[in-house]
Every structure is written in C-alpha cells, then in structure tokens.
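The next block holds one structure in the form of structure tokens; read it before the comments.
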Amino acid sequence: MKDNFSTTPYMSSNLREYNRIYKEVNDIYRDAASKFGLSNSVFDILYTICEVGEGCLQKDVCDATFIPKQTVNSAIRKLEQEGYLTLSNGKATASTFI
C-alpha cells in the first residue's frame, strides 16, 4: 500500500495562497510598526487596545495577540510612561497617539 505523502503535495494551493496573503499583510503591519518606531509587539498591543476600545483588559490583549502576559504588562507600563495610554481601574484605554 502506498502512503499519501508521496502522491499528495505537502500544502494545497489554497493553503499556499493563504500563507502568501498572511505574509503580505504581516509585512504591512511590520512596516507600519517600524515607521512609528515601535516593536511588532507594541504595535500589536496598541492595535488591539484601539480595536477593543475602552475597557480593554490586559487579558484581552494577551488573548488577541498571543503575546505573553509579562511582555504585555511591561509594554503597557512603558506605553503609559511615554504617554501613549492611560491605565485606570485595571483597564487600559487609549489616549493620544503620535
């Protein structure tokens, strides 16, 4: 009996196309982060806070971005010190973005 691996391509054409589009979109976000002088993680955190809106919790950011809790916490504290956002009652809300 022949195995399917020798006759079936590793990835379907749909999966290859999905990966191409995913990479293209990821490159756009990476370039945007770079233009603002932000790391990819910080950009993802700010993007998520803006998307979720007021009342966004650090847990929401972790769940949406898959960034570890310690990284999110450190980045949010630094963003607060730099005036990008304010924290109140345990909730992160966007303020003025440069």
Got a list of side-chain donor-acceptor pairs under 3.5 Å for residues 40-51, not counting sequence neighbours?
from	atom 1	to	atom 2	distance (Å)
Tyr47	OH	Tyr29	OH	3.2
Thr48	OG1	Asp44	O	2.8

Could you tell me the separation between the CD1 atom of Ile21 and the CD atom of Glu17, rounded to the nearest 0.5 Å? 4.0 Å
Rounded to the nearest 0.5 Å, how far does CD1 of Ile76 lie from CD of Gln58? 4.0 Å
Using a 3.5 Å distance criterion without hydrogens, assess whether the side chain of Ser34 forms a donor-acceptor pair with backbone atoms of Arg30. no
Value for OG (Ser13) from CZ (Arg16), rounded to nearest 0.5 Å, stands at 6.0 Å
Without swapping roles, check the side chain of Asn26 against the backbone of Lys23 for a donor-acceptor pair under 3.5 Å. no
Starting from Val52, can I reach Leu79 by hopping between I/L/V/M/F/W/Y residues whose side chains sit under 4.5 Å apart? no
With the side chain counted from C-beta on, respond yes when Cys56 and Val61 share a heavy-atom pair under 4.5 Å apart, and no when they do not. yes
Intermediate values then yes/no, salt bridge (charged side-chain N to carboxylate O under 4.0 Å, His left out), Lys59 and Asp63: CA-CA 6 Å; Lys59 181 185 180 327; Asp63 290 347; 2.8 Å; yes
Minimum heavy-atom separation for Ala33 and Ser39, please, with both atom names. CB-O, 4.0 Å
Nearest 0.5 angstrom please: Thr71 OG1 to Phe66 CZ, how far? 15.0 Å
Arg20 side chain near Glu24 side chain, heavy-atom distance below 4.5 Å: yes
